[in-house]
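Here the structure comes first, spelled out in structure tokens, and everything after it is commentary.
Scope of the values below: all heavy atoms of this structure, side chains included, with no hydrogens, waters or symmetry mates. Remember, predicted model here, so these are calculated numbers, not experimental data.
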Amino acid sequence: MASQVASVFAGIAQAPEDPILGVTVAFNKDPSPVKVNLGVGAYRTEEGKPLMLINDPSRYKEYLPITGLAEFNKLSAKLIFGADSPAIQENRVVTVQCLSGTGSLRVGGEFLAKHYHEHTIYIPTPTWGNHPKIFTLAGLTARTYRYYDPATRGLDFNGLVEDLSSAPLGSIVLLHACAHNPTGVDPTVDQWEKIRQLMRSKSLLPFFDSAYQGFASGSLDKDAQPVRMFVADGGELLMAQSYAKNMGLYGERVGALSIVCGSADVAVRVESQLKLVIRPMYSSPPLHGPSVVATILRDSEMFNEWTVELKAMADRIISMRQQLFDALKSRGTPGDWSHIIKQIGMFTFTGLNSEQVAFMRQEYHIYMTSDGRISMAGLNMKNLPHLADAIHAAVTKLK
């Protein structure tokens with residue numbers, strides 16, 4: 001049974017409640033009709049009410065608990081793991097609201113630095129530029145494993161397997177759940193299964209980063225499949241979620257960190273220690289963004305409308321990929337550009353070198369990172385031909 005799996009966090013002690021915010025936790029649990037909360041320094045009216053929004057008296061701007069909005073946390077776990085996830089049903093999942101994906105990764109990293117026996121995290125080459133900085137500052141040592149093959153502009157699966165096979169037992173491994181940033185290259189389902197088997201055989205701890213659920217393929221469930229494969233085997237893992245891309249809540253900084261534990265009692269202790277990480281970092285998370293997310297996830301009509309919009313966004317990017325490929329093919333641009341339609345998600349690793357990128361900026365006023373990564377979301381019917389002309393000229397003149 002999954003609930004009987006030995007936990008790598010079994011030695012974690014139950015942390016005490018925060019001396020100030022813990023007062024409100026105890027107050028909220030007290031069923032007494034005459035209870036009075038004099039612990040937290042937040043203004044109350046003569047009627048004992050907080051300041052509220054004029055057009056919606058049920059909405060207020062009070063501090064959230066350290067762990068965030070409870071409904072948001074519950075719905076976020078269901079979204080990524082599945083409503084029928086055994087880990088959720090067995091209360092083995094602890095979820096805390098964090099400051100988007102970056103904050104979720106940082107909280108998870110600091111938790112592992114304090115409570116996990118291995119302090120080395122393996123990250124793919126290449127990866128999002130913030131990953132090594134986040135984990136290094138959190139107290140972990142970042143090492144790399146091969147991921148992208150410039151020759152094929154696809155996955156270096158053999159290199160990935162070789163590097164993870166040689167990683168020390170129990171090492172942490174960062175995995176992009178879908179739509180790998182910056183390459184747009186994802187493993188196949190069969191390759192994910194081989195990765196899962198390898199990692200479990202070496203007791204490697206998965207730390208998933210999910211910034212594009214639903215945004216990659218257009219299906220929330222399909223984009224979550226790799227994560228759910230790891231949860232289904234009963235093992236433990238960490239999951240960082242962001243709602244910046246798939247709900248467009250970039251500036252609201254809405255995210256969640258979930259840790260799937262070996263048992264329910266371990267999950268309780270893990271949550272208590274996560275509070276000790278969060279409290280001195282930012283005390284408690286913002287309220288508005290997660291309220292928006294919770295409203296959409298709980299309301300079936302809004303949820304269905306959101307999934308339709310997600311599919312439309314994903315389909316537009318897929319269409320832009322196809323049209324860029326066709327445009328380069330029609331121009332007779334040298335090279336094989338099939339990787340553009342094979343890659344997935346917001347970004348494409350074009351294969352252009354830094355000299356070609358500089359040429360395109362100077363001559364065509366097209367801006368991208370020096371490694372040749374382009375955001376497909378920035379393309380449209382008007383500017384795509386201009387990009388195709390620029391790529392053709394850069395590849396033709398600067399080989």
Can you tell me how far apart CZ (R146) and CG (L160) are? Round to the nearest 0.5 Å. 9.0 Å
Give the cluster check for F111 versus V8: same hydrophobic cluster or not, with ILVMFWY residues linked at side-chain heavy-atom distances below 4.5 Å. yes
Side-chain donor-acceptor contact under 3.5 Å, Q322 with D326: yes
Do K275 side-chain atoms and T67 backbone N/O form a donor-acceptor pair below 3.5 Å? no
Test item: K342 side-chain N/O and G154 main-chain N/O as donor-acceptor pair under 3.5 Å: no
When every non-hydrogen atom of I341 is compared with those of R321, the smallest separation belongs to CG2-O, 3.7 Å
Working to the nearest 0.5 Å, report the span between CD of Q213 and OG of S219. 8.5 Å
With D389 via salt bridge (Lys or Arg N to Asp or Glu O under 4.0 Å) - residues at least two apart: R331
Spacing of I374 atom CD1 and M368 atom CE [to the nearest 0.5 Å]: 6.0 Å
Please walk me through it: do L174 and D209 pass side-chain contact (heavy atoms from CB on, under 4.5 Å)? CA-CA 7 Å; L174 179 73; D209 185 0; 4.2 Å; yes
Which pair of heavy atoms, one from M239 and one from S210, lies closest together, and at what distance? SD-CB, 3.7 Å
Side chains of H288 and V292 in contact at under 4.5 Å (non-hydrogen atoms): yes
Rounding to 0.5 Å, atoms CG (L137) and CG (N130) come to a distance of 9.0 Å
Please say which of N181, T127, T183, D186 ends up in a side chain to side chain donor-acceptor pair (under 3.5 Å) with H176. T127
Charged N-O contact under 4.0 Å between D190 and K194: no
Please tell me whether I344 and F325 are part of a single hydrophobic cluster in this structure, the criterion being side-chain heavy atoms less than 4.5 Å apart. no
Taking the side chain as C-beta and beyond, is there a heavy-atom pair between K245 and Y250 under 4.5 Å? yes
Minimum side-chain heavy-atom gap F215-C178 below 4.5 Å: no
Could you state the interatomic distance from CG (N353) to CG (L398), rounded to the nearest 0.5 Å? 7.5 Å
Assess the side chains of Y243 and S76: does a donor N or O sit below 3.5 Å from an acceptor N or O? yes
Report yes if some heavy atom in the side chain of M281 is under 4.5 Å from a heavy atom in the side chain of E110; otherwise report no. yes
Any donor-acceptor N/O pair, H339 side chain to T350 backbone, under 3.5 Å: yes
SB check E71 K74 (cutoff 4.0 Å): no
Side-chain donor or acceptor of S104 paired with backbone N/O of A240 under 3.5 Å: no
For residues F208 and L205: do they belong to one hydrophobic cluster (side chain heavy atoms under 4.5 Å, members Ile, Leu, Val, Met, Phe, Trp, Tyr)? no
Please check if any side-chain donor atom of S338 sits under 3.5 Å from a side-chain acceptor atom of D336, or the reverse. yes
Let me check something: do V161 and L175 share a hydrophobic cluster, defined by ILVMFWY side-chain heavy atoms less than 4.5 Å apart, either directly or through other members? yes
With distance as the sole criterion, is a donor-acceptor pair present between the side chains of S319 and Q323 under 3.5 Å? yes
Indicate yes or no: at least one non-hydrogen side-chain atom of P286 is less than 4.5 angstrom from one of E252. no
Just how far is it from atom CZ of F303 to atom OG1 of T295, taken to the nearest 0.5 Å? 14.0 Å
Minimum heavy-atom separation for Q97 and P290, please, with both atom names. NE2-CG, 3.2 Å
Do V260 and F81 pass the side-chain contact (heavy atoms from CB on, under 4.5 Å) test, and can you show the C-alpha distance, the side-chain angles, and the key distance before you say yes or no? CA-CA 10 Å; V260 178; F81 299 130; 3.7 Å; yes
Donor-acceptor pair, distance only, cut-off 3.5 Å: does the side chain of T307 make one with the backbone of N304? yes
Ignoring hydrogens, what is the shortest heavy-atom contact between L204 and G170? Give both atom names and the distance. CD2-N, 4.1 Å
Any donor-acceptor pair under 3.5 Å linking the side chain of R316 with the backbone of A377? yes
Any side-chain donor paired with an acceptor under 3.5 Å for S242 and S100? yes
I need the minimum non-hydrogen distance between P182 and R373, along with the two atoms involved. CB-CD, 3.1 Å
Same hydrophobic cluster for L352 and L387, using side-chain heavy-atom links shorter than 4.5 Å among ILVMFWY? yes
Between Y212 and D223, is the side-chain contact (heavy atoms from CB on, under 4.5 Å) condition met? List the steps. CA-CA 8 Å; Y212 301 97; D223 290 348; 5.9 Å; no
Mind checking whether V270 and L274 have side chains closer than 4.5 Å, heavy atoms only? yes
Do L105 and F207 pass the side-chain contact (heavy atoms from CB on, under 4.5 Å) test, and can you show the C-alpha distance, the side-chain angles, and the key distance before you say yes or no? CA-CA 9 Å; L105 293 165; F207 195 152; 3.8 Å; yes
Take Y364 and H386 through the ring-ring contact (aromatic ring centres under 6.0 Å, His included) test and state the conclusion after the steps. CA-CA 8 Å; Y364 287 84; H386 182 58; 5.6 Å; yes
Could you label the plane-to-plane angle of the Y116 and F9 rings as parallel, tilted or perpendicular, counting under 30° as parallel and over 60° as perpendicular? tilted
Heavy-atom side-chain proximity of W337 to V395 below 4.5 angstrom: yes
Looking only at atom types and distance, does a side-chain atom of R269 sit under 3.5 Å from a main-chain N or O of A10, one as donor and one as acceptor? yes
Between Q241 and A77, the two heavy atoms sitting closest are OE1-N, 4.4 Å
Could you check whether the rings of H180 and Y147 sit parallel, tilted or perpendicular, using 30° and 60° as the cut-offs? parallel
Does a sphere of radius 6.0 Å around CD in Q197 hold more than 12 heavy atoms from other residues, nucleotides or ligands, not counting ones at 6.0 Å or beyond? yes
Would a distance-only check, ignoring hydrogens and angles, find a side-chain to backbone donor-acceptor pair under 3.5 Å from S171 to P168? yes
Do side-chain atoms of S201 reach the backbone of L198 as a donor and acceptor pair under 3.5 angstrom? yes
Side-chain (W306) to main-chain (N246) donor-acceptor, under 3.5 angstrom: yes
Any side-chain heavy atom of M360 sitting closer than 4.5 Å to one from V357? no
Regarding R228 and D221, does a basic nitrogen lie under 4.0 Å from an acidic carboxylate oxygen? yes
